[in-house]
Amino acid sequence: MVNFRLISEEIVSTADKLENLFHQVYTPSCGMTSDEEYLAEEEEGTGISPPELIKKILLEYGSHQLNFRILDKENSGRYIFGRGNIWAIYAFDWGGFDKISTYRDNKEYYVQIPLEGSLLLEDLSFGKYIVVKQRENAENIEDVDLYLFEYPNQFNKLRVSLEQYFSLLPKTFGMYCWQEYLTEDSYPLNGEIPDLFHENMKKLFPEVDLSIFREPPKLRKSVYNTFISKPDKVDYRAMFLDVIRLLENNPNVEFRYYKRTNGFIIDETQYTARYGVTEDVLRKIKKDYGREISEQMLAFYYTMNGCSVDWVYTNDADQDVYIEGQINFLPLEETMGGKWNQQYLDWASPDLFKDEDAVYSFNKEEAAEYPRLAKLMKRARLFDEQGETRDYFIEFVKGQSEPNIYKVNQTDFYKMDIDFKTFIEARIQFAGISGWEYRYFNDPDYSENDIERFIKNFKEKVALILPDAPFEKFGL
């Protein structure tokens, strides 16, 4: 029999040991048990009666939220991360313990698990769940089979009992995708965008015996594996922070706090340099979108999942000098899922990145007034947000390894003759100062004289702040 109370205590103990390693503000939770009186009130109010197994979990174990992020000391800019939630009493709000909460068209809704007699045990995010189903002729409530459920209809049986599953919770602490390594051999482990489950377990929990888990999959040909094997990777996060140091050391530079909301979190720091995108995001994009992102995109997002800074330069000795710079590379989730598409905020969405069309939306009036721009927005994705009239977009073209890059200027837009890597590095190394990009326009709207004038003005600005700026590197 599972000692649910003991498991809960062990999880809290594991959290205490890891407390100093958790990155950002994170408080893992476990416990918060219910009582008979509360359950009776919920049952009376909703008409929903918890099955005996779920009731036992609610009374003795409660719930947990084991999502965590810990910086990987051996891989600069990378996280060791985990996900897992036992939602417990929220099932009363969802209409039953045999339902899951998900999103469609930016609205939350609840669907029944399509396996008769099954109950939700744990939500693993990204449309993956652990469900339990009572065995036929079961002698006690813990005689169940466990399944990895991938929305909408894929079920893979786990090779462990309920007692074994709970005994592994404090030992894995929600380590990303640990349940996949408990599936039967028919479940295909991902060798194209593999996780580092075994390696990360040895880093955080070296005493845990991993023999119960399946071995890592054999690596297969992929953009991800090709990139990972390269020894000379560019550390974009370090590049960005080097530029930030130069700005911080300049007495004439003032940072304008960049405010952005991500759910209920408000970022008001001088700059934001996110750590690399997690493998589950890359795998989810591959599954929904049907292909991996390009190698140059991966090289950037793997080391830094977007960054932002907003600053101005003024000089009392010369009142006419005013320079500003802004960088706002959105996280890959927002680029692929939609800055204005709220589904990206909820990992329960089963088709988060499925639509190959653009995710930028125009209303009917705007589309009628600017049909050429609206047409672009149906296929392009925002990835460097500068404001409504200065944004940069990328467009994925079939048969083309790297995306096209567009600069939006007022209600017009211009395709840039530049690859993703060069664009990213120029934006970072020029600290977000605009003007250089006109060199990469090939459009009759701008004559050669116009472009030369813009570039001259741009270089004069940059020289005041970044005297060692690599103009030659970018053909300036």
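Note that the structure is predicted; figures quoted are calculated from it, not measured.
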Could you check whether [Y] and [X], counting side-chain N and O atoms only, form a donor-acceptor pair closer than 3.5 Å?
X    : Y    : result
N156 : Q154 : yes
Q179 : Y165 : yes
D16  : S13  : no

Any [X] side-chain heavy atom under 4.5 Å of [Y] side chain:
X    : Y    : result
T272 : F329 : no
I405 : K415 : no
T172 : V208 : no
Y176 : N200 : no

**OP:** Mind checking the CG-CG spacing from N67 to D123? Nearest 0.5 Å is all I need.
**Re:**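 It is 9.0 Å, given to the nearest 0.5 Å.
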
Subject >> Pairwise distance CD1(I11) to CD(Q65) - rounded to 0.5 angstrom >> reply: 12.5 Å

**OP:** Hey, can you tell me if F474 and W436 have their rings parallel, tilted or perpendicular (30° and 60° cut-offs)?
**Re:**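 The arrangement is tilted - the two ring planes meet at 30° to 60°.
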
Original post:
Parallel, tilted or perpendicular for Y90 and W87, by the 30°/60° rule?
Top reply: perpendicular

Subject >> Pairing of K56 and E60 as salt bridge, 4.0 angstrom limit >> reply: yes

Original post:
Any salt bridge between K230 and E295, counting N to O under 4.0 Å?
Top reply: yes

